[in-house]
Amino acid sequence: MSYAQLALSLIFIAIPLGLAIVLKLGLEKDIIIATIRSIIQLLIIGYILTFVFESDSPIFIILMIMLMIAAATQNIIKKGDGIPGITWMIVLTLIVVETVTMGIMLSFGIIPFAPEEVIPISGMVIGNCMVLSLLFLNKFKDEVDRSDETIELILSMGGQPKVAIDKSLKSAIQTSMIPTIEAQKTMGLVQLPGMMSGLIIGGADPIEAVMYQLLILFLLLTTAAMSSAMVGYMAYPKLFNQKMQFIGLQYKTK
């Protein structure tokens with residue numbers, strides 16, 4: 001694809017922008033900003049990846065993964081307001097999920113330790129972990145706000161914090177995992193996944209593309225389970241003090 005063809009593809013931005021103006025949705029500024037940011041960010045990352053791929057250095061691979069983890073963490077912690085220590089919880093979760101998934105793939109020889117394999121797959125894992133953590137935190141905070149009286153009642157009757165928060169915690173984990181599970185059920189019937197489509201467009205054999213896509217689907221399911229569970233079980237103790245009293249979400253006053 002040439003830059004001229006890429007410029008022509010901006011018509012797909014003009015359509016939603018026009019609808020936003022006509023319908024007075026108030027999204028015009030967001031659409032323009034999102035478009036500009038995506039162009040700049042993706043072009044920059046394209047040049048960076050070209051350099052990393054050509055250098056074929058493990059150091060640059062690790063640095064790229066660290067950069068992705070840092071960016072994902074910065075995006076997630078905004079939704080973790082009210083939970084003390086949420087930053088280190090997210091960083092630890094991203095590192096563990098990335099280490100476990102990549103460690104399994106590399107140790108069993110599923111993929112080689114090459115930048116063109118490790119970096120894109122790591123991006124999918126970390127990106128999915130980010131989205132799932134955001135979904136979990138939104139649901140978990142909502143559940144805690146709605147169940148504070150029930151939690152305090154269980155504690156007053158001698159229940160442990162883990163028992164008091166159990167329903168809210170598991171509900172949030174389930175909610176964050178459902179989109180991944182449901183998407184996997186209809187994969188290939190309702191839509192052709194992005195990685196599979198990209199490989200086919202790039203000239204890969206369809207069966208090989210399917211095998212890579214199945215790998216990604218299995219990875220994303222593991223990511224969904226691990227990220228939600230890790231963040232949840234690290235976060236809930238922060239809602240109780242040392243005397244096992246419920247203190248709830250601790251929002252900072254401005």
Side-chain angles (χ1 to χ4, degrees), residues 65 68-105 120-148 150-151 154 160-191 193-195 213-240 246-251:
I65 293 173
M68 288 187 285
I69 289 176
T73 300
Q74 188 61 34
N75 194 38
I76 299 170
I77 58 177
K78 298 175 184 178
K79 296 294 184 181
D81 184 32
I83 303 176
I86 190 63
T87 300
W88 71 262
M89 295 178 202
I90 296 301
V91 171
L92 180 60
T93 298
L94 291 171
I95 291 174
V96 169
V97 172
E98 167 67 10
T99 301
V100 170
T101 55
M102 194 56 62
I104 291 173
M105 286 188 290
I121 293 177
S122 293
M124 294 179 194
V125 170
I126 295 170
N128 193 66
C129 190
M130 177 187 72
V131 173
L132 270 296
S133 296
L134 288 170
L135 286 174
F136 169 80
L137 287 171
N138 278 333
K139 180 63 176 178
F140 183 57
K141 290 168 65 176
D142 181 59
E143 286 285 336
V144 169
D145 285 335
R146 291 194 296 108
S147 306
D148 55 348
T150 302
I151 294 171
I154 294 174
Q160 296 294 312
K162 185 177 180 180
V163 176
I165 203 73
D166 185 69
K167 184 177 180 180
S168 298
L169 181 59
K170 289 183 178 178
S171 176
I173 293 175
Q174 289 171 345
T175 300
S176 62
M177 288 183 64
I178 286 173
T180 302
I181 296 172
E182 292 301 318
Q184 189 163 326
K185 288 179 182 179
T186 58
M187 200 64 68
L189 296 176
V190 178
Q191 62 173 332
M195 185 175 193
Q213 187 60 60
L214 286 172
L215 168 63
I216 298 304
L217 290 178
F218 301 155
L219 275 176
L220 297 188
L221 193 55
T222 291
T223 301
M226 287 186 64
S227 58
S228 301
M230 283 191 65
V231 174
Y233 281 94
M234 285 192 292
Y236 90 79
K238 298 297 181 180
L239 306 181
F240 302 87
F246 180 64
I247 55 178
L249 298 168
Q250 302 162 58
Y251 296 106

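Residue numbers run from 1 in the order of the sequence given.
In this structure, the side chains of N75 and L134 come closer than 4.5 Å at one or more pairs of heavy atoms. Residues I151 and F240 form a side-chain contact, since some pair of their non-hydrogen atoms from C-beta on lies under 4.5 Å apart. Put simply, the side chain of T73 does not reach to within 4.5 Å of the side chain of M130, judged on heavy atoms. Side-chain contact check for F136 versus I76: every heavy-atom pair is 4.5 Å or farther apart. Between V144 and F246, the closest side-chain pair of non-hydrogen atoms falls below 4.5 Å.
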Legend entry - Audit row: M102, I121, side chain to side chain contact (heavy atoms under 4.5 Å, CB included) steps and yes/no: CA-CA 9 Å; M102 194 56 62; I121 293 177; 4.2 Å; yes
N/O donor to acceptor pairs below 3.5 angstrom from side-chain atoms of residues 222-235, sequence neighbours left out:
residue : atom : partner : partner atom : Å
T222    : OG1  : F218    : O            : 3.4
T223    : OG1  : L219    : O            : 2.8
S227    : OG   : T223    : O            : 2.6
S227    : OG   : A224    : O            : 3.4
S228    : OG   : S176    : OG           : 2.7
S228    : OG   : A224    : O            : 3.1

Check residues 161-170 and write down every donor-acceptor pair under 3.5 Å in which the side-chain atom is one partner and the other belongs to a residue at least two apart or another chain.
none

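Applying the side chain to side chain donor-acceptor pair (under 3.5 Å) definition to pairs two or more places apart or across chains, those involving residues 124-140 are K139-E143. Here salt bridge (Lys or Arg N to Asp or Glu O under 4.0 Å) pairs that include residues 84-102, with residues two or more places apart or in two chains, number zero.
When all heavy atoms of S122 and M68 are compared, the closest pair comes out as CB-CE, 4.0 Å. In this structure, M124 and I216 approach most closely via the heavy-atom pair SD-CD1, 3.6 Å.
For the atom pair CD1 of I90 and CD of Q74, the computed distance is 12.0 Å after rounding to the nearest 0.5 Å. Of the inter-residue distances, the one linking L221 atom CG with L132 atom CG reads 9.5 Å to the nearest 0.5 angstrom. To the nearest 0.5 angstrom, L220 atom CG is 10.0 Å from T101 atom OG1. Interatomic distance, Q174 CD to I181 CD1, rounded to the nearest 0.5 Å: 9.0 Å. Within the model, atoms CG of L94 and CE of M89 stand 13.5 Å from one another, a figure rounded to the nearest 0.5 Å.
No option in V125, T99, I126 other than I126 meets the side-chain contact (heavy atoms from CB on, under 4.5 Å) test with I65.
For D142, the side-chain hydrogen bond (donor to acceptor under 3.5 Å, both in side chains) test picks out R146, with sequence neighbours left out.
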